[in-house]
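Reviewing the structure listed below.
Chain naming here is simple, since letters A, B, ... match the order of the sequence lines and numbering starts at 1 in each. These figures come from a predicted structure and were not determined experimentally.
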Amino acid sequence: MLCGRRSEAASYLGSQLPLLISPLITIPLFLLHPIGSLFIYGVLIMCCHGLRRYKFPAEGMLTITYACLLISLTFTSWQLSSVESSSIPTGYGIGNAIKKLTGKNTLSNGKIVYDNDSYREVVNKGTLYLDHDAKCQWDSGNFSQNRPWGHNLPIGSEIFRKAILQDGTWISNLGASLTCSNSNFIGGLFQDNELIPLIIKHDGELIFGDSDAVIDCLAPYQKHLISYLAGTNNKIRCFHVGCAICLILVYFWASPIFIILPCLVNFITVYLPYQGDVRYIGKSHKWAHTELGEGIVRVLQQHGVNVVFGNSGTRVLVVGTDYSASLSGEKVVILEPGAEIIIDGVQYCAEITPLGQHDGVKDARRIIVDGVISNSSILYKDGVRIIATGTPTAQEKELIWPF
Amino acid sequence: MAILKRILLSFAIFCVLICCINDAVQHSLISLFFDTLLVGCLIALLNSRKSFFLLKIGFFFGGISSVIFFTTSIKSVLLFIPFLIVVFAFLLQCLYNLHNARRYILCLIASLSMFCAIRSFWGHQIFSRFIPDKIAVLEQGKWGNALSYEDKLSITSQYSYNLLHNFIGANKIESLHDISDCSELWIVTPTKPFTNEQIEQISNWVRKGGRLVIITDHTDLFGHTSAINPLLQRFGIRAQKNVILDSSGNGGTFSSYFENFRGLSSNSFIGFGETWLHQLGYSERTDYSKRSFFSDNQISDEEIADCHSIGLRVNHGFGGVVLFGDSTLLANFALARPSAQAILRKLINGGGCFSCYGIAFFACLVCLLSCTKVSTKLKIIGQTFIAVLGVTCFSLAYTNKQLSLDKIQIIKVSGDWSLVEGNQGHLLTLFSAAYVSSPVFPIWEGVSGSDRTVTIGNSVITEDDFRFPKKVKNVPFIQRITLSPSGNISNQLAECIATSGFSSFWFDEGVGLLREQAYKSFWLSLQGNDNRVCSLSVEEPSYVNMLVKMREREPFEAEVPIMRIKEDSQWVVLGDWFVGKYISSDTILVRDIWQTTSNSVPDFYCRVLPPSSEGK
């Protein structure tokens with residue numbers, strides 16, 4: 001818009017309109033496919049150039065329409081139900097983590113469908129969570145995501161893509177590929193030149209193609225997507241409302257400030273405080289299945305402790321390899337090799353030489369206190385427990401969560 | 001002349017861009033800064049327009065790089081190279097146009113290109129030409145189970161490096177007191193840390209013209225990376241404690257500028273040097289709590305996709321250090337592979353004679369001359385002289401040292417490398433066993449073919465020679481163990497040869513008598529000795545009551561036919577060709593790795609039961 005390429009910019013926005021409004025109305029799948037978007041883009045470019053001679057403000061209409069729909073979609077939300085079942089192992093239930101992430105109560109009318117021998121019709125009154133071998137009217141077979149997951153292209157509205165981006169990946173190993181002929185497409189993945197729907201809406205209820213993203217031990221890693229669906233993600237709302245307003249204004253007033261503003265909003269929202277139990281400082285791969293510090297939340301959930309990541313009010317601090325941090329009220333500090341923390345002016349650092357099991361710590365490292373190597377892998381300082389280990393997730397639950 | 005000047009400048013820009021990529025791969029940020037500045041200078045000379053065109057291009061590249069960096073999991077420094085280059089070029093062009101600071105830019109180009117010359121390995125390669133060859137190997141600690149070479153297919157002999165020592169013509173030295181008259185010192189996966197005195201000694205020796213060749217391996221195995229890094233730090237380089245995987249989670253393709261090789265599992269290097277071998281793949285971390293310190297060996301978002309330097313070399317005074325990150329490829333069992341031999345040839349020649357820094361240096365000098373205000377005649381003479389000097393340096397740096405083959409008998413091999421390497425190589429295990437099974441060692445010549453044939457000596461072997469009919473045995477194991485053996489031992493040996501291509505990892509007891517004999521038969525037959533099958537024979541079967549114990553199964557009793565192998569009575573055949581070995585007077589162990597592919601069965605053992613007193 002700023003460089004004067006208004007037709008191209010408006011045509012791009014127009015090509016994204018089907019994806020933007022797909023949660024509200026049923027859109028044919030081929031229009032949601034990247035090729036379909038490209039086709040729409042081509043058509044709109046020609047139309048914009050053609051209509052220009054009649055002084056028809058096609059670019060303006062497309063831009064403002066997109067911006068208004070973006071604001072409207074940003075405030076759309078859905079109900080996520082929990083699933084009650086006593087046979088589900090600890091950490092693999094659905095509901096506890098969602099409640100904590102969204103701060104909203106959930107209805108317990110959700111259903112999980114997987115591992116069926118034969119086809120069956122499923123009636124859903126709440127959210128439906130499919131998984132591999134669902135074999136029902138909503139799926140067209142199994143879907144296995146190519147690795148690495150973060151390299152796969154999410155398809156959906158701008159807001160959906162932003163949520164997946166902030167989470168890093170769509171957490172799904174093996175699930176179901178949904179059919180959405182009579183449903184509203186919310187989000188999916190583009191893989192092997194195919195668009196795989198993974199979240200759809202039918203009769204006001206959501207259907208997930210893989211329950212992995214919402215189970216208690218993995219939901220904290222899909223925080224942004226879950227809170228977007230539940231309508232509690234204020235960061236995403238701020239950002240997209242800001243972008244929408246910028247889109248409208250830039251059409252009338254082309255100023256470079258409209259490049260900086262969304263970046264500024266995005267940057268500020270990163271540092272907004274959000275409540276949690278575990279604070280992680282380190283090279284975040286946004287990967288739940290690691291045995292390093294990022295996997296702590298998953299492991300604690302599997303032990304039955306309902307924890308989530310946060311940067312405020314946290315009780316456990318995990319510092320990644322070669323990173324340093326300062327204490328902010330935490331009572332347990334876990335240092336990976338080379339990590340350091342300063343408490344009351346005293347520097348505690350984890351050595352890199354592996355020790356095996358030592359001091360009750362698995363894959364232990366010695367702690368260096370102000371440059372002096374101690375013989376311990378676990379120290380206590382003013383009620384704060386400091387542990388040095390190469391594998392934070394291998395530790396006993398009582399060691400890392402004594403609360 | 002203007003067109004020629006542009007061509008020369010473009011060529012120089014291209015050469016220095018290769019250097020920039022090299023620096024990014026090695027994470028050498030200071031070198032990257034200087035090289036991008038050099039490219040910027042060259043672009044400033046190339047672009048005479050007085051406009052903001054360059055700045056717009058720079059911001060365009062910067063925008064795209066930022067979007068990719070922040071929105072995807074691609075976190076490579078390579079992304080920002082175009083942006084830096086163009087911004088530098090714009091700034092220099094402003095300087096050039098506003099203050100007519102042409103000579104300052106030319107001085108900058110001259111000094112930055114000297115920086116390239118310093119990093120080029122040609123200096124040391126030329127110097128080393130005048131030093132008589134004397135190669136030594138220093139064993140610094142024991143590498144795992146790699147004890148001295150044993151005459152059987154076992155894990156200890158597999159992971160020994162005796163063949164490597166022979167091929168490089170090296171003498172083993174016990175201490176560093178003996179290196180003063182050596183031209184080259186090889187250190188392979190040292191597990192004992194170096195003392196400060198040793199580091200100082202090696203550093204001084206390298207500075208005076210010695211070449212240090214260091215071979216490392218993945219994931220700080222046995223602590224070797226921790227042991228070698230203090231020494232490497234002295235030269236401004238560092239071995240990473242990682243393993244580089246390809247997209248399938250296996251070891252991948254190693255590439256030099258012009259060739260590709262099939263690798264195993266390598267670690268990467270970073271620092272101030274020159275990459276001579278790289279790998280595109282994912283860097284997986286070391287996990288000390290797991291076997292061989294590998295993590296899960298699966299590609300995930302935890303791994304970093306990038307271009308990694310797995311072969312690095314650096315100058316140090318008059319000498320140099322050459323690094324390679326996959327010692328397994330140089331172990332006894334892997335040296336029969338064509339890629340291993342090709343990489344070893346590169347190693348003994350200092351990583352090859354191609355040096356992007358060297359070429360960039362001479363290209364910049366030629367451009368420099370073309371931008372000066374001297375007469376055309378002088379320019380042409382000067383440029384010709386520089387070009388000739390460059391070619392001379394390249395020729396002097398080019399060495400064609402060959403493997404030292406005096407101490408072993410060899411057989412020449414050529415053909416399709418893919419038959420011998422990678423997971424689909426039909427001849428993989430046969431070649432891996434060559435160091436024990438063959439009286440002559442296969443040495444590869446030429447480049448890889450693509451016709452799925454391999455010529456070993458005078459014999460041509462095609463892929464079809466290994467199309468063994470797949471036997472499907474529907475009879476459950478519990479019955480097969482009681483059946484008399486079907487077919488004869490010749491068939492079993494033929495099947496062992498034809499269904500070769502499984503993992504090359506042996507256990508302490510080796511691959512079993514049947515497989516050992518099969519591999520020997522294969523190599524003997526290539527010598528014209530037509531013992532392709534059978535120099536094993538079996539006795540008549542005797543039926544013995546045995547208790548069969550297998551994991552995850554209830555033990556059961558069975559009357560099992562046993563045939564002893566006449567050539568080695570410790571080895572027996574049970575039932576329908578299950579190869580086993582007596583491990584005590586009444587217990588026979590049967591391992592999966594000893595069986596033919598169609599007879600694959602989880603390891604089990606049988607205990608001879610005392611004769612029943614019933615009926616007496």
Would you mind checking which part of [X] comes under 4.5 Å of any heavy atom in chain B, side chain (CB onward), backbone (N, CA, C, O), both or neither?
| X | answer |
| --- | --- |
| A:T391 | side chain |
| A:K283 | side chain |
| A:E291 | both |

Does any heavy atom of chain A fall under 4.5 Å from the side chain of B:D287, the backbone, both, or neither of them?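 Looking at B:D287, just its side chain touches chain A.
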
Kindly check if the number of other-residue, nucleotide or ligand heavy atoms within 6.0 Å of CD (A:E396) is above 12?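 Not more than 12 within 6.0 Å, no.
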
More than 12 heavy atoms of other residues, nucleotides or ligands under 6.0 Å from CD1 of B:I270: is that the case?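 Counting neighbours around CD1 of B:I270, more than 12 heavy atoms of other residues, nucleotides or ligands fall under 6.0 Å, so yes.
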
Gap separating the OG atom of B:S300 from the CG atom of A:N173, nearest 0.5 angstrom: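 Separation between the atoms: 11.5 Å.
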
Could you give the distance from OG1 (A:T353) to OH (B:Y288), rounded to the nearest 0.5 Å?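 Nearest 0.5 Å value for the OG1-OH distance: 8.0 Å.
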
Flag the one option from B:R285, B:E302, B:E303 with the top tally of heavy-atom pairs under 4.5 Å to chain A.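 Most pairs with chain A among the choices: B:E302.
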
How about A:R147 and B:Y282: do any of their side-chain heavy atoms sit closer than 4.5 Å?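 Side chain of A:R147 against side chain of B:Y282, heavy atoms only: no contact under 4.5 Å found.
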
Does any N or O in the side chain of B:D301 come within less than 3.5 Å of the main-chain N or O of A:W149, such that one atom is a donor and the other an acceptor?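 Pair found, side chain donor or acceptor close to backbone of A:W149.
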
